[in-house]
Amino acid sequence: MLSYNQRPIRVSPSLLSANFAAMGADAALALAAGGDRLHIDVMDGRFVPNITMGMPMVEALRRTLGPQAYLDCHLMIVEPERYVEAFAKAGASQISVHVEASPHLHRTIQLIRATGAHVGVAINPATSLHSIYEIIDQIDTVLMMTVNPGFGGQKYILQSTQKIHTVRRFIDEHHLTAAIQVDGGIGFDTIATVAAAGVDDVVVGSNFYMPDRTPQQALVELQRRLG
Ligand code: DX5
Ligand code: ZN
């Protein structure tokens with residue numbers, strides 16, 4: 001857990017930047033280093049151009065890491081409602097679906113809720129915030145994409161900062177409980193900006209699993225950048 005002006009900020013290390021040939025060990029390392037939630041990027045080659053991992057990986061991680069590990073599954077797939085129950089069964093703690101991929105979002109949210117998993121809704125950089133205002137009172141997490149989803153190591157889209165401010169204000173004014181999570185290009189150079197804009201949770205991939213630092217050292221540097 002990091003903090004900014006005494007406000008706690010969760011870190012969700014993205015396993016997309018881990019070593020896929022040593023996933024269990026890298027996931028355990030992230031938790032041991034102080035990562036709060038493991039961020040698992042599920043891509044289908046249709047909603048996004050890339051293909052990554054699915055339910056078997058979630059199941060294997062749950063088996064390896066035990067019941068305490070928080071497995072936060074970010075579904076970048078078309079028709080996510082078809083896979084909600086399977087991800088919950090595999091051991092997902094939270095399931096986030098994209099508003100762009102789910103035309104009957106209200107129903108999908110109910111479906112996730114019924115499994116007992118936490119509910120997240122993800123929104124792309126080009127999508128208007130109006131698409132989440134009708135359901136934001138029903139979810140645990142708003143996952144704001146700060147790059148176009150599909151790949152790690154991309155550059156933070158600057159316009160995102162204003163958007164984060166707007167969601168923060170909306171949540172506070174309506175006394176809602178949804179957490180704001182940001183994903184994409186979050187690291188040493190951007191963490192202070194998104195923290196000041198009011199996020200609760202940062203997904204960090206390429207600035208967490210690094211060639212020249214341990215995850216623990218990366219976390220220390222992230223906190224240093226927060227002041
Ligand atoms: C991108 C994924 C992200 C990715 C972030 O589509 O949703 O979770 O792993 O990676 P970085 O932190 O390198 O931008
Ligand atoms: Zn993600």
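Here the structure is a predicted model, which is why all the values come from computation and not from measurement. Index from 1, following the sequence.
In the hydrophobic clustering of this structure, M145 does not group with F151; members are Ile, Leu, Val, Met, Phe, Trp, Tyr whose side-chain heavy atoms approach within less than 4.5 Å, directly or through other members. By the criterion of side-chain heavy atoms lying less than 4.5 angstrom apart, applied directly or through intervening Ile, Leu, Val, Met, Phe, Trp or Tyr residues, L16 is not grouped with L143; the two fall into different hydrophobic clusters. Connection of M1 to V203 is not established within any shared hydrophobic cluster, with ILVMFWY side chains joined at heavy-atom distances below 4.5 Å, either directly or through further cluster members. Hydrophobic clustering (side-chain heavy atoms under 4.5 Å, transitive across Ile, Leu, Val, Met, Phe, Trp, Tyr) groups L226 together with V194. Under a hydrophobic clustering in which Ile, Leu, Val, Met, Phe, Trp and Tyr are joined whenever their side-chain heavy atoms come within less than 4.5 Å, directly or via other members, M76 and L15 fall into the same cluster.
Residues N19 and A21 come closest through the heavy atom pair OD1-N, 2.9 Å. Annotation for Q217 and D212: closest pair OE1-O, 4.4 Å, computed over non-hydrogen atoms. Taking every heavy atom of both residues into account, H165 and A197 meet most closely at CE1-CA, 3.6 Å. The two residues C73 and A92 come nearest to each other via the heavy atoms SG-CB, 3.6 Å. For the residue pair L71 and L65, the shortest heavy atom distance occurs at CD2-CD1, 4.3 Å. Taking both residues in full, the closest heavy atoms of F87 and G54 are given as CE2-C, 3.9 Å, listed atom of the first, atom of the second, then distance.
Looking at heavy atoms from C-beta onward, S12 lies out of side-chain contact with V204 at the 4.5 angstrom threshold. Residues M43 and N50 are in side-chain contact: their nearest non-hydrogen atoms beyond the backbone lie under 4.5 Å apart. Taking the side chain as every heavy atom from C-beta outward, I112 and I139 never approach each other to under 4.5 Å. The closest side-chain heavy-atom distance from P8 to S3 is not below 4.5 Å. Considering only heavy atoms from C-beta on, V199 stays 4.5 Å or farther from I186 through its side chain. When side chains are defined from C-beta on, I40 does not count as touching D72, because their heavy atoms never get closer than 4.5 Å.
For the pair K163 (side chain) and P125 (backbone), a donor-acceptor distance under 3.5 Å is present. Side-chain N or O atoms of T115 include none that pairs as donor or acceptor with a backbone N or O of A88 at under 3.5 Å. Side chain of S102 to backbone of V99: no donor-acceptor contact under 3.5 angstrom is found. A donor-acceptor pair under 3.5 Å links the side-chain atoms of R7 to the main chain of G198, judged by distance alone. Checking side-chain atoms of T146 against main-chain N and O of G184 turns up a donor-acceptor pair under 3.5 Å. A donor-acceptor distance shorter than 3.5 angstrom exists from the side chain of D44 to the backbone of R46, with no hydrogens or angles considered. Listed for the N124 side chain is no donor-acceptor partner under 3.5 Å among the backbone atoms of A126. No donor-acceptor pair closer than 3.5 Å links the side chain of Q138 to the backbone N or O of H106.
Taking the ring pair (Phe, Tyr, Trp, His ring centres under 6.0 Å) definition, one finds that F170 meets it with Y133, H174, sequence neighbours left out. With sequence neighbours excluded, the residues that form a ring pair (Phe, Tyr, Trp, His ring centres under 6.0 Å) with Y70 are H118. D41 pairs by the side chain to side chain donor-acceptor pair (under 3.5 Å) definition with S14, H39, H74, not counting sequence neighbours. Residues satisfying the ring pair (Phe, Tyr, Trp, His ring centres under 6.0 Å) criterion with F20, sequence neighbours excluded, are absent altogether. Contacts of F47 classified as ring pair (Phe, Tyr, Trp, His ring centres under 6.0 Å), with partners at least two apart in sequence or in another chain: H98.
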Worksheet entry | Full working for side-chain contact (heavy atoms from CB on, under 4.5 Å) between L219 and Q216 | CA-CA 5 Å; L219 280 173; Q216 215 161 357; 5.8 Å; no

Discussion item. Could you go through S131 and I123, starting from their C-alpha distance and side-chain angles, then the distance that decides it, and tell me whether this counts as side-chain contact (heavy atoms from CB on, under 4.5 Å)?
Written reply: CA-CA 8 Å; S131 61; I123 176 168; 3.7 Å; yes

Practice prompt. Would you check, one step at a time, whether the test side-chain contact (heavy atoms from CB on, under 4.5 Å) holds for L29 with T214?
Written response: CA-CA 9 Å; L29 188 66; T214 64; over 6 Å; no

Discussion item. Using the rule given for side-chain contact (heavy atoms from CB on, under 4.5 Å), can you reason through D201 versus R37, listing the C-alpha separation, both sets of side-chain angles and the distance that settles it, and then say yes or no?
Written reply: CA-CA 9 Å; D201 185 315; R37 297 178 167 188; 4.1 Å; yes

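At a threshold of 4.0 Å, the pair D36-R10 does not count as salt-bridged, since none of the basic side-chain nitrogens sits closer than that to a carboxylate oxygen. Of the charged side-chain nitrogens involved, none lies within less than 4.0 Å of a carboxylate oxygen, so that E85 and K89 do not count as a salt-bridged pair. Using a 4.0 Å cut-off between charged side-chain N and carboxylate O, R62 and E59 make no salt bridge. By the 4.0 Å N-to-carboxylate-O rule, D200 lies close enough to R168 to be salt-bridged with it.
Put simply, OG1 on T52 and CD1 on I77 are 10.0 Å apart, with the number rounded to the nearest 0.5 Å. Note that CD of E100 and OG1 of T127 are 3.5 Å apart. Values are rounded to the nearest 0.5 Å. How far CZ of F208 is from CG of D26: 9.0 Å, rounded to the nearest 0.5 Å. Separation of atoms OG (S93) and CD1 (I95) is listed at 9.5 Å; rounding is to 0.5 Å. Note that the CG atom of L129 and the CD atom of Q162 stand 10.0 Å from one another [nearest 0.5 Å]. A distance of 13.0 Å separates CE in M55 from CE in M57, rounded to the nearest 0.5 Å.
Counting non-hydrogen atoms of neighbouring residues, nucleotides and ligands closer than 6.0 angstrom, the CZ atom of R213 exceeds 12 such neighbours. Counting non-hydrogen atoms of neighbouring residues, nucleotides and ligands closer than 6.0 angstrom, the OH atom of Y209 exceeds 12 such neighbours.
Q181 and T141 share no side-chain donor-acceptor pair at under 3.5 Å. For T193 and T161, the side-chain atoms include no donor-acceptor pair closer than 3.5 Å.
The residue from V142, I135, I136 that alone fulfils the side-chain contact (heavy atoms from CB on, under 4.5 Å) condition with V121 is I135.
Residue pairs meeting the salt bridge (Lys or Arg N to Asp or Glu O under 4.0 Å) criterion with at least one partner in residues 135-146, sequence neighbours excluded, are R113-D140.
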